[in-house]
Amino acid sequence: MILSEPKPKLEEAIALLNLGLNDEALALIDSLLHTEPCQKTFLVAVTIFNRLEHFDRAAKCGDEALKFRDHCEPEDLFQISLAYNFSGRLRDSYELERSIQPMSNDISLVRLYGLACKASRLGHYREALHHFLSSFRFHNVESLDAHRKIFLDSEMVDLWGRIPEMTLSLRESMRFCNLPFDEILAANENLHPLRCLDFYDLRATPEKFRALLQPMHQTCFEVSPLQQANQPELYADYIEWQQSLVTPRLEIFRDLSQRIRAAVIEKQLEFAKFQAERGRIACARNHIVCHLQNSPQANLADLPAIPALASLVEEFRAQHAESPEAFEYLISWKCKNEPEAFLFDILPEMPALNRNSGYAKLALGCTHYRLGNIHSAIDQWAACADLWPLDDAPVMNATMLLSGEERWDEASELIHRLPGQCMDSLLWKSACTAIRERRSFTISNKIFTSPEIPTPTFGGLYSGADEEFLTETKNFTPICA
């Protein structure tokens, strides 16, 4: 039998369910399980039984469907996992979700969310925390609103109680320090739209609120607009109940984010030394800037002696001595948000050392590039490269634009001015190959992101550098998958 063969009766059973004809849908699927007990029937039965809260029956049908697992789609496996979860087979649900291969953003997010919930209930709190934090790496799933519901989900209650006392290793902090914590908090500050509930949440929800709820998205429930209008006082109590759960968890999350960021910011000068010793001067420069911008009482006079960065640090000190305001503006990259004002108003008013510095020329190159002035951007980045001969950032930026202009000889000459250590960069390797083959290349932020709080990998530019640093400094704490 071909599994993709249309099954009108199965489609009819789902249609009856969607119309609210639950008894008819149940009768039809029972009949099909008796007359056509194939995998497709079992999978549809799982969905129907889940929605009708017949979780034991759904789990048994899931067992049958998994006998031919190779033919199951990820969505099928999630439905079976739901059946196991709500029927009390937590371990089976957890193991099944762990085995699902994440093939897309939605699958990855739903899988990590589910694993966080189940690991929390199983008492695997550190693993649950990793899954919880990792879920924020993926775009939100609108139908689930995962990035908001996770702050209400009753399966996470034990984890929330443990997070304040959990100490994260440097490895863990480096892994999660660039999550969009501020965006997540902002998206959750408002209680509306109200978070949905699932069957497990209902068990922890005061009974009086059930009168407000209606089914949505298969195994979830939301407030019925009609009941909201008919019972405004109950609805107000329901809002207050949700807020009583979410608000303290947001504070726990805010404290966690601060602890994670602080642990990595504290290591920025060590990162700078590590990068400089390997000839990654642009990365080292960014580590120093991150330290200066984020560390309380950070002072250029207190920077450690790093031979490869000596001239850069002296340049920074001279700029700061001339004008702290101008220096702080340049390293803050505020020019990205106001390119025309920077070009025509702010930079011309800066004193000479800051106006003619390497950072000013680097910023000018970015400003011209944003405004579409390609030739001026090349000139400014090339001038920056003359001031900072070991810094790969201006060289790679200018080379990218030269390749786009098909100025191959200039691009090749410029990119080979840098020291050989830069060959470790994945970007350097791909750029050299492109120039050799007379192809333009792009420095894509989607591939090599510029992290707000840099770690040695620098957004993937130097693959494995985080582990190299941890090994060198004997930070061997393992991390969950």
Side-chain angles (χ1 to χ4, degrees), residues 53 82 85-86 90 109-110 112-126 128-129 131-133 135-136 140-166 168 176 179-260:
E53 301 184 51
L82 281 173
N85 189 32
F86 295 135
L90 175 59
L109 177 56
V110 173
L112 288 167
Y113 185 107
L115 288 174
C117 292
K118 293 167 183 64
S120 175
R121 289 172 59 203
L122 289 167
H124 305 326
Y125 299 117
R126 190 162 294 277
L129 180 61
H131 293 316
F132 164 62
L133 291 172
S135 68
F136 293 111
N140 201 13
V141 176
E142 185 176 350
S143 60
L144 176 61
D145 202 3
H147 290 177
R148 282 169 51 81
K149 186 182 185 303
I150 205 164
F151 288 93
L152 180 70
D153 202 304
S154 57
E155 294 187 81
M156 299 284 287
V157 65
D158 289 342
L159 176 61
W160 285 115
R162 296 289 184 129
I163 288 176
E165 64 189 38
M166 292 176 71
L168 276 72
F176 298 117
L179 289 177
F181 291 107
D182 294 337
E183 293 178 24
I184 296 161
L185 287 163
N188 279 277
E189 290 292 349
N190 196 324
L191 275 173
H192 295 88
L194 289 176
R195 295 158 177 84
C196 64
L197 306 179
D198 59 34
F199 287 111
Y200 201 87
D201 297 324
L202 287 182
R203 301 174 187 177
T205 303
E207 182 70 27
K208 64 180 181 178
F209 295 136
R210 289 204 173 206
L212 293 170
L213 303 174
Q214 66 180 9
M216 66 167 288
H217 303 308
Q218 297 190 14
T219 59
C220 290
F221 300 84
E222 66 178 0
V223 172
S224 162
L226 179 60
Q227 294 303 320
Q228 175 183 339
N230 289 339
Q231 304 183 71
E233 292 183 1
L234 183 61
Y235 177 67
D237 289 344
Y238 181 69
I239 292 176
E240 187 176 342
W241 172 76
Q242 280 211 4
Q243 186 170 14
S244 71
L245 296 177
V246 171
T247 299
R249 294 175 184 179
L250 290 177
E251 291 307 311
I252 291 171
F253 186 74
R254 180 177 285 105
D255 175 72
L256 175 65
S257 71
Q258 292 169 351
R259 287 191 286 133
I260 288 173

Q) Which pair of non-hydrogen atoms, one from Asn190 and one from Arg148, has the smallest distance, and what is that distance? A) O-NH1, 2.9 Å

Q: Check step by step if side-chain contact (heavy atoms from CB on, under 4.5 Å) holds for Leu245 and Val157.
A: CA-CA 9 Å; Leu245 296 177; Val157 65; over 6 Å; no

(Q) Please give me the minimum heavy-atom distance between Arg195 and Gln242, naming the atom from each residue. (A) O-NE2, 2.9 Å

Q.
Is there a side-chain contact between Leu194 and Gln228 in this structure, where contact means two heavy atoms from C-beta onward sitting under 4.5 Å apart?
A. no

Q. What distance separates Glu189 CD from Thr247 OG1, expressed to the nearest 0.5 Å?
A. 8.0 Å

Q. How far does CG of Leu250 sit from CG of Asp255, to the nearest 0.5 angstrom?
A. 12.5 Å

Q: Would you give the length of the straight line joining atom CZ of Arg254 to atom CG of Asp182, rounded to the nearest 0.5 angstrom?
A: 8.5 Å

Q: Answer yes or no: is there a side-chain heavy-atom contact under 4.5 Å between Leu213 and Gln227?
A: no

Q) Are Phe181 and Phe176 near enough that their ring centres are under 6.0 Å apart? A) no

Q: If the plane angle is over 60° it's perpendicular, under 30° parallel, otherwise tilted; pick one for Phe151 and Phe136.
A: tilted

Q. Can a salt bridge be assigned to the pair Glu233 and Lys208 using a cut-off of 4.0 Å between side-chain N and carboxylate O?
A. no

Q.
Under the ring-ring contact (aromatic ring centres under 6.0 Å, His included) test against Phe132, which residue among Tyr113, Trp160, Tyr125 passes?
A. Trp160

Q. Does Pro225 reach the side chain of Gln214, with side-chain heavy atoms less than 4.5 Å apart?
A. yes

**Q.** Pairing of Asp153 and Lys149 as salt bridge, 4.0 angstrom limit
**A.** yes

Q: Kindly compute the distance separating OG (Ser257) from CG (Leu185), expressed to the nearest 0.5 Å.
A: 6.0 Å

Q. Do the side chain of Asp158 and the main chain of Gly123 share a donor and acceptor less than 3.5 angstrom apart?
A. no

(Q) Could you measure the distance from the CG atom of Leu234 to the CG atom of Leu212? Nearest 0.5 Å is fine. (A) 4.0 Å

Q.
Could you tell me if the side chain of Arg210 sits less than 4.5 Å from the side chain of Thr205, heavy atoms only?
A. no

Q: Rounded to the nearest 0.5 Å, what's the gap from CG on Leu179 to CD on Glu183? Could you check?
A: 10.5 Å

Q) Is the side chain of Asp201 donor-acceptor paired with the backbone N or O of Asp198 at a distance under 3.5 Å, no angle test? A) yes

Q | Contact check, side chains of Arg249 and Ile150, non-hydrogen atoms, under 4.5 Å | A | no

**Q.** Nearest non-hydrogen partners of Ile163 and Arg259, listed with the distance
**A.** O-NH2, 3.1 Å

Q | Minimal non-hydrogen separation, Ser120 against Ala128, with atom names | A | N-CB, 3.6 Å

Q: Could you pull out the closest heavy-atom pair between Tyr235 and His192, with the gap in Å?
A: OH-NE2, 3.6 Å

Q | Glu155 side chain reached by Asn85 side chain, heavy atoms, under 4.5 Å | A | yes

Q. Could you walk me through whether Gln231 and Tyr238 pass the side-chain contact (heavy atoms from CB on, under 4.5 Å) check?
A. CA-CA 11 Å; Gln231 304 183 71; Tyr238 181 69; over 6 Å; no

Q: Compare every heavy atom of Asp145 with every heavy atom of Pro193, then report the nearest pair and how far apart it is.
A: CG-OD2, 4.5 Å

Q | Aromatic plane relationship, Phe209 with Trp241 - under 30° parallel, 30 to 60° tilted, over 60° perpendicular | A | tilted

